[in-house]
Every structure is written in C-alpha cells, then in structure tokens.
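Heads up: the structure comes next, in structure tokens.
First the proteins, then the strands, lettered A, B, ... as listed; each starts at 1.
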Amino acid sequence: MTTPETAPISDFIRDIITDDLKTGKHTRIVTRFPPEPNGYLHIGHGKAVCLDFGSALEFNGECHLRMDDTNPSKESMEYVESIKTDIRWLGFDWGEHFYYSADYFERMYEAARTLIRNGKAYVCELSQEQWKEYRGIPTQPGKGSPFRSRPAEESLDFFARMRAGEFGDGTLCVRAKIDMASPNLHLRDPVIYRIMRVPHYRTGDAWCIYPTYDFAHPLEDAFEGITHSLCTLEFEVHRPLYDWFIAELGFEKKPRQIEFARLNVTYTVLSKRKLLELVQGGLVKGWDDPRMPTLCGLRRRGFTPESIRNFCHRIGITKFDGYTDIALLEFCLRDELNKTAPRAMAVLDPVKVVIENYPAGQVEWMEAVNNPEDPAAGTRKVPFSREVFVEREDFMEDAPKKFFRLAPGREVRLRYGYLVTCTGCVKDASGKVTEIRCTYDPATQGGNTPDGRKVKGTIHWVAASHAGRVELRLYDRLFKVEHPEAVPEGVDYKTNLNPESLKTIEAVVEPSVLQAAAGTRFQFERKGYVIADAIDSAPGKPVFNQIVPLRDSWTKT
RNA sequence: UGCCCGAUGGUGUAAUGGUAGCACAACAGACUCUGGAUCUGUUUGUUUGGGUUCAAGUCCCGAUCGGGCAACCA
C-alpha cells in the first residue's frame with residue numbers, strides 16, 4: 001500500500017529548503033515549533049507541527065521544540081506538559097532540543113542593552129495613550145517620541161532600574177529606534193521590553209520586565225541556529241522587523257522567516273481564544289472534549305495520529321487562506337480504520353426480533369470475520385438465539401421496493417446468522433413497533449445460501465440472550481454551520497453551536513465487545529467507528545465514543 | 001482613501017512559458033454476507049481587462065474580490 005504520507009512532499013517551503021541545500025546556503029536545516037504555553041494544541045498546530053518536524057525529518061535536519069513564554073500572564077506548566085504529550089502522540093520527537101524562551105531572558109536583556117548602546121533603542125516614558133498619537137496611522141507618518149534622542153547612558157541606567165523593579169507596570173518601556181515614517185506600523189519604534197509584575201511559571205519573580213514577541217523571536221531563532229523559521233501569514237508584516245533585529249545585532253547565521261497559511265476547518269473554530277471560551281463557558285466538557293478540534297480532543301474522540309498526519313499531508317502548504325472541509329479529516333480516519341479496525345456488531349436503537357421456528361433456549365456460536373479487509377485479523381464466535389435485537393430503522397411495515405431490509409414478507413440475511421423472513425410485527429397502543437416476528441431457514445446456517453439464492457439485504461444483530469449493554473456517545477459536528485465565525489456584526493458565533501453535537505445512548509453489543517480495553521477501536525458494522533473512551537471505561541464495562549459514522553449512501557425515498 | 005499578501009471545479013491542492021492533473025465532496029453504474037469497502041464513469045475550474053510571446057494558469061501593467069497590519073499579545 002502506498003500511503004500518501006510517504007509520498008514525496010513538495011510545496012513552496014520545501015522547495016526553498018531544497019534550493020538552500022543545493023546552493024550550499026545551508027548544509028543542514030534546523031526548524032522549530034514555538035508554541036506559547038497558554039492553551040492546548042489544536043489541529044491547526046498539528047499542521048505546523050507536521051511541517052516543522054516533518055520537513056526537518058525529510059531533509060535530515062532537526063526541529064526544536066521551544067516554549068515561547070515571554071508573556072507570563074497567560075502561561076502555565078499545565079500547558080507545557082500538554083503540548084509535549086500532544087506532539088509525541090502525533091509521532092514527533094525533538095530529541096535534546098527542548099527549550100524555553102525564558103531561559104534566554106538574560107541574553108535577550110544583554111541584546112537589548114547592545115541595541116541601546118548602539119543608539120538603536122531607547123527607554124521611552126510615553127504612556128500607551130500618548131503613544132497612539134505619536135505612532136500615527138497607516139496613511140500618515142508618526143512623530144518621534146520625545147525620548148527618542150535620550151543619551152544611551154541614560155537609557156541604560158533606566159533599563160537597569162526597570163529590571164530592578166523601580167517603576168510600575170506600563171510606566172516605561174524600551175523601544176527599538178527604527179522608522180517613524182514607515183508605512184509598516186511595526187517599524188515605528190516597536191516596544192521590545194515592557195514592565196510586568198507577574199510571576200513567570202518558569203523564572204518566578206526573577207524578572208519584572210519581559211521582552212516582546214517581535215524582539216524575542218528572531219533572537220531565539222538566532223541563538224538556536226534555526227535556518228528556516230516557519231510561521232503563519234499574520235506574521236508577514238513582522239518580517240522586516242525580524243530581519244532588522246538579526247541585522248542590527250550582527251548575527252552571522254541569519255534565520256529566514258517564511259510564512260504559510262494557517263489551517264481553517266469547516267464546522268469548527270481554531271482559535272485558542274474561542275476554544276478557551278468554550279471550555280470556560282462550560283459549552284464543552286473540557287479541552288479534551290471529543291467534540292473539540294484540539295489534539296487531545298481528537299485523540300479522545302478516537303482519531304489516530306496517522307489519520308491526522310495524513311490529513312496534514314493532504315491539505316498541503318500554501319499562502320492561500322482558505323477552508324478545508326472537515327470531511328477530508330473524516331475520510332482520513334475511515335481510510336485507515338477500514339483497514340485496521342476489527343468489526344463487531346452493535347445495535348444502537350434495538351427492537352426485538354422473535355424467530356418463531358427457532359428452538360427456545362438454543363444457542364449457536366456463529367463464526368464471524370473480524371476484518372474483511374485484513375484476513376490476518378481472523379475470526380470470532382458470536383452467539384445466536386431465538387430472540388435477537390436489530391436496528392429499529394432496519395424494519396419498515398410498509399417499505400418501498402428499494403428497502404433491502406426487514407419488512408413483512410421479505411427475506412434478509414442476519415449477518416453470519418441465518419436468512420430470516422419477516423412474518424409481521426407487534427405494536428403497542430401508540431402504534432410503536434415492539435416486536436418483529438420472523439421465521440428462519442435452517443439451511444442457511446452462518447448466513448450461507450447453499451442453493452445460491454441471492455439476498456439483497458444483510459443486517460447486523462445481537463442475540464438477546466447474550467446482549468451486553470454499553471454507553472455510546474454519538475458525536476456530531478461542534479457547529480451546525482460550515483463557517484461558524486462568519487456571523488453578522490453583533491451576533492455571537494456561539495449561536496452557531498450545534499445543540500445536537502452529543503447524544504448519549506445505550507447500545508446492545510455482542511459479548512466480545514465488553515472485553516475491550518480503554519483505547520480499543522472497532523467498526524460497529526453498518527454504523528461507524530468507535531473507541532472505548534480512555535477515561536470513562538472500566539474493565540468489563542467500556543464506554544464508547546463514536547469517532548465518525550460509516551458513509552451511508554442509502555437515500556430514503 | 002496607506003502598506004503587505006493572496007486568487008486554479010463545491011472544497012483543498014498540482015502544473016516552475018509548451019496537453020489544466022490529483023484528492024475530498026457530489027452524482028450514476030458494477031460488485032458485495034457491512035446500502036461499508038472496492039471498481040468504473042459523470043458533473044464542475046485558471047476572477048477580470050490589457051500587454052509581452054510562436055505559445056500565458058504561469059511573465060508585465062491595471063482593475064476587482066478576499067485576507068492581514070494601527071497590544072507594552074503571540
């Protein structure tokens with residue numbers, strides 16, 4: 001089998017890398033994945049992880065994992081751990097190269113001093129409100145801060161006192177001295193150090209001043225010898241700034257920032273802020289709620305790392321900011337699990353069938369194929385008895401011609417069981433079917449037709465005498481519309497939440513299913529792929545999450 | 001009304017001046033002890049106007065549309 005994942009990948013970034021290697025610009029590439037530990041990783045990060053780690057792997061380079069923790073107000077160790085877990089789960093390894101931006105604070109402080117000494121930065125006393133005026137607007141140049149020409153010695157002194165904690169939050173800051181007339185606002189004397197009296201999860205109270213992203217990022221990349229610094233499109237306008245710091249500080253090996261489009265997926269949202277909001281608002285049951293597009297959510301839902309890597313491979317890398325159909329992710333999962341997941345029979349909406357001419361009390365153990373796509377998966381025995389459960393939707397009292405299931409007078413195959421012919425049904429006072437009556441053909445044991453007779457319909461079933469009962473959670477898309485964030489002014493995107501994204505039911509299952517350990521996946525035949533929930537399952541009592549239903553091309557007409 | 005970036009079927013993505021291809025989705029048929037899978041087929045595309053060229057999705061200029069940028073967030 002040729003998996004797309006192993007097919008050679010080509011995109012504009014890999015083309016650049018190939019070229020850099022060919023021309024000798026680099027002999028070895030170094031990339032990095034730099035998450036801020038202020039939230040859980042989602043599938044959009046998965047795309048970046050696959051690109052950063054994946055390209056390093058393909059070109060025999062290395063990829064560093066770096067916690068971009070320059071803003072202590074939102075970061076924590078909980079997130080650091082979750083990020084490591086998720087990247088490992090996805091199948092990537094950073095080896096020795098695990099770093100924290102915080103570990104570079106001293107070097108960054110020195111770099112800022114260098115800039116000041118060289119007349120390229122200064123301590124500014126303008127308030128944020130005042131700065132808005134000085135900065136100007138895109139169509140008009142700004143004017144220099146009155147502190148712009150402050151002597152380097154004086155700035156150096158102020159900077160040291162900032163570090164020592166002599167000033168209040170936000171009263172002073174350090175600005176790079178670049179170009180107040182630039183049409184790119186980011187070049188109009190951006191802040192590189194600010195005062196924040198917030199304990200850092202890693203450095204504690206050691207610092208009360210912290211570097212900003214724009215200053216910190218190029219330095220970290222340079223410190224680590226990163227060759228290709230891959231980030232998303234919104235940083236495009238920051239690139240001149242990135243290059244400026246690298247040049248002004250005289251780094252010989254210059255990392256190159258290259259931007260690509262972030263991932264958007266239909267029927268969900270991929271922004272840390274919005275996901276946090278769903279978690280904190282109790283709209284989902286946590287970061288790992290199986291409906292969440294977080295990696296931990298997808299993991300708990302039952303998605304495999306392979307399917308996610310395959311998805312990230314198929315979507316490609318470009319600079320076009322579009323929406324990827326979530327159906328592609330589901331396809332990747334089905335494509336894999338079709339080949340690997342053992343089959344089992346489970347009835348989600350049971351109704352009893354009584355086989356009138358089958359001996360009461362008799363039980364036969366029928367041989368069932370574990371996976372038709374994989375002969376090596378072998379077979380198992382499933383019990384058959386006089387009363388079985390079938391899906392309520394597999395019976396119709398007044399059925400159209402194309403309904404290849406149970407209906408009065410029609411014969412269907414009970415998969416691996418017998419051929420049965422429906423003789424009628426029993427209904428309660430409200431007209432609801434409570435029991436289906438059938439007769440079976442003893443010559444069709446195992447579902448075989450010795451006479452070569454063709455039967456159009458085959459349905460799944462579970463013997464009533466041996467039916468296990470399990471909790472099954474049926475998940476649907478988190479949002480009911482394709483583009484949840486596309487809401488009119490003043491309308492909250494959360495109104496697009498799908499109220500039916502979770503339905504919990506009790507399903508009846510064949511006995512073998514009860515033995516499933518947490519994390520075990522099945523294909524419930526004719527229904528969908530499921531996994532025994534990692535958290536709520538107990539030995540002998542698994543709880544299942546439906547990962548994704550099987551395709552259903554039967555149109556009820 | 002400033003700057004930066006982008007635009008190829010419904011969606012995502014190839015074609016690096018030389019036959020617009022692939023995948024998902026949709027639809028149809030074949031096959032099937034899963035209305036699954038598999039196989040076959042079908043529908044649908046280079047935003048627009050100029051220019052360069054024997055030849056333009058590709059290069060140049062203009063327009064249109066979309067995204068990003070005015071945190072001491074990343």
Side-chain angles (χ1 to χ4, degrees), chain A residues 4 10-12 15 34-36 38 68-71 73-75 124 126-128 131-132 135-142 169-175 182-188 190-196 209-210 212-214 216-217 231-240 259 261 266 272-273 311 314-332 334-335 338-339 343 345 368-369 372-373 402-405 412-417 419 444 446-449 454-460 482 523-528 549-555:
Chain A
S10 171
D11 55 56
F12 79 99
D15 288 347
E36 183 186 14
N38 68 345
D68 210 1
D69 50 8
T70 58
N71 182 355
S73 63
K74 299 188 284 185
E75 300 154 0
C124 181
L126 253 24
S127 68
Q128 289 184 54
W131 176 249
K132 273 190 183 172
R135 184 195 47 219
I137 55 176
T139 50
Q140 282 166 32
D169 287 15
T171 53
L172 299 186
C173 68
V174 180
R175 295 184 182 284
S182 173
N184 181 342
L185 282 314
H186 296 285
L187 258 22
R188 320 241 270 224
V191 171
I192 63 172
Y193 258 97
R194 75 283 214 190
I195 302 172
M196 283 177 97
I209 56 173
Y210 294 95
T212 56
Y213 167 87
D214 281 325
H217 212 83
C231 64
T232 44
L233 252 26
E234 66 268 29
F235 293 104
E236 217 156 13
V237 286
H238 296 243
R239 192 181 344 121
E259 311 84 14
T266 55
K272 279 190 189 173
R273 205 203 93 236
F311 171 77
R314 285 168 177 267
I315 58 179
I317 301 291
T318 65
K319 298 189 73 161
F320 177 69
D321 187 24
Y323 268 86
T324 295
D325 193 341
I326 198 168
L328 184 62
L329 212 211
E330 296 172 346
F331 165 81
C332 291
R334 291 193 189 103
D335 191 42
N338 175 48
K339 296 168 189 132
R343 313 288 131 123
M345 293 201 281
V369 174
E373 305 290 323
K402 291 286 187 75
F403 184 77
F404 306 133
R405 310 181 192 183
V412 300
R413 171 186 290 113
L414 293 179
R415 188 156 164 86
Y416 304 126
L419 263 55
T444 58
N448 299 305
T449 52
K454 295 286 182 209
V455 185
K456 241 346 198 163
T458 297
I459 63 175
H460 62 281
E482 209 171 356
Q523 181 200 97
F524 282 168
E525 293 216 37
R526 301 213 302 137
K527 298 312 291 184
L550 242 38
R551 283 185 46 169
D552 181 8
S553 63
W554 185 61
T555 44

Can you confirm whether more than 12 heavy atoms, excluding those of A:K319, are under 6.0 Å from its NZ atom? yes

How long is the line joining [atom1] of [X] and [atom2] of [N], in whole Å?
| X | N | atom1 | atom2 | result |
| --- | --- | --- | --- | --- |
| A:R135 | B:rC69 | CZ | P | 13 Å |
| A:R188 | B:rC72 | CZ | P | 13 Å |
| A:I195 | B:rA71 | CD1 | C1' | 16 Å |
| A:L185 | B:rC3 | CG | P | 13 Å |
| A:K319 | B:rU13 | NZ | C1' | 17 Å |
| A:F235 | B:rC3 | CZ | C1' | 18 Å |
| A:Y323 | B:rG67 | OH | P | 10 Å |
| A:D15 | B:rU13 | CG | P | 15 Å |

Nearest heavy-atom pair of A:T444 and A:L419: which atoms, and what distance? OG1-N, 2.9 Å

Could you tell me which non-hydrogen atom of A:V455 sits nearest to which non-hydrogen atom of A:T449, and how far apart they are? CG2-CG2, 4.4 Å

Quantified in whole Å, what is the [atom1] atom distance between nucleotide [N] and nucleotide [M]?
| N | M | atom1 | answer |
| --- | --- | --- | --- |
| B:rU11 | B:rU44 | P | 15 Å |
| B:rA15 | B:rG6 | P | 15 Å |
| B:rU48 | B:rC65 | C1' | 10 Å |
| B:rG66 | B:rC72 | C1' | 31 Å |
| B:rG21 | B:rU16 | C1' | 15 Å |
| B:rC60 | B:rU52 | C1' | 7 Å |
| B:rG9 | B:rA26 | C1' | 12 Å |
| B:rG17 | B:rC59 | C1' | 8 Å |

Whom does [N] pair with, Watson-Crick or G-U wobble, provided both distances fall under 3.5 Å?
| N | result |
| --- | --- |
| B:rC69 | B:rG2 |
| B:rU34 | none |
| B:rU8 | none |
| B:rU48 | B:rG62 |

Phosphate OP1/OP2 of [N] contacted by [X] side-chain N/O (<4.0 Å):
| X | N | answer |
| --- | --- | --- |
| A:R413 | B:rU32 | no |
| A:T324 | B:rC24 | no |
| A:T139 | B:rU1 | no |
| A:S553 | B:rG36 | yes |
| A:R526 | B:rG35 | yes |

Both A:R551 and A:A261 contact RNA chain B. Taking the nearest nucleotide for each, which residue is further toward the 5' end? A:A261

Once you apply a heavy-atom cut-off of 4.0 Å, does [X] come out as touching a base, just sugar-phosphate, or nothing?
| X | value |
| --- | --- |
| A:G322 | sugar-phosphate |
| A:T318 | sugar-phosphate |
| A:S182 | nothing |
| A:N38 | nothing |

Do [X] and [Y] have side chains that get closer than 4.5 Å, going by heavy atoms?
| X | Y | answer |
| --- | --- | --- |
| A:L414 | A:I459 | yes |
| A:T212 | A:R194 | yes |
| A:T555 | A:K402 | no |

Could you check B:rA71 for me: syn (within 90° of 0) or anti? syn

For the base of [N], is there a side-chain donor-acceptor partner from [X] under 3.5 Å away?
| X | N | value |
| --- | --- | --- |
| A:E373 | B:rG36 | yes |
| A:R405 | B:rG35 | yes |
| A:H238 | B:rA74 | yes |

With side-chain contact (heavy atoms from CB on, under 4.5 Å) as the test, pick out the partner of A:E259 among A:E234, A:H238, A:E236. A:E236

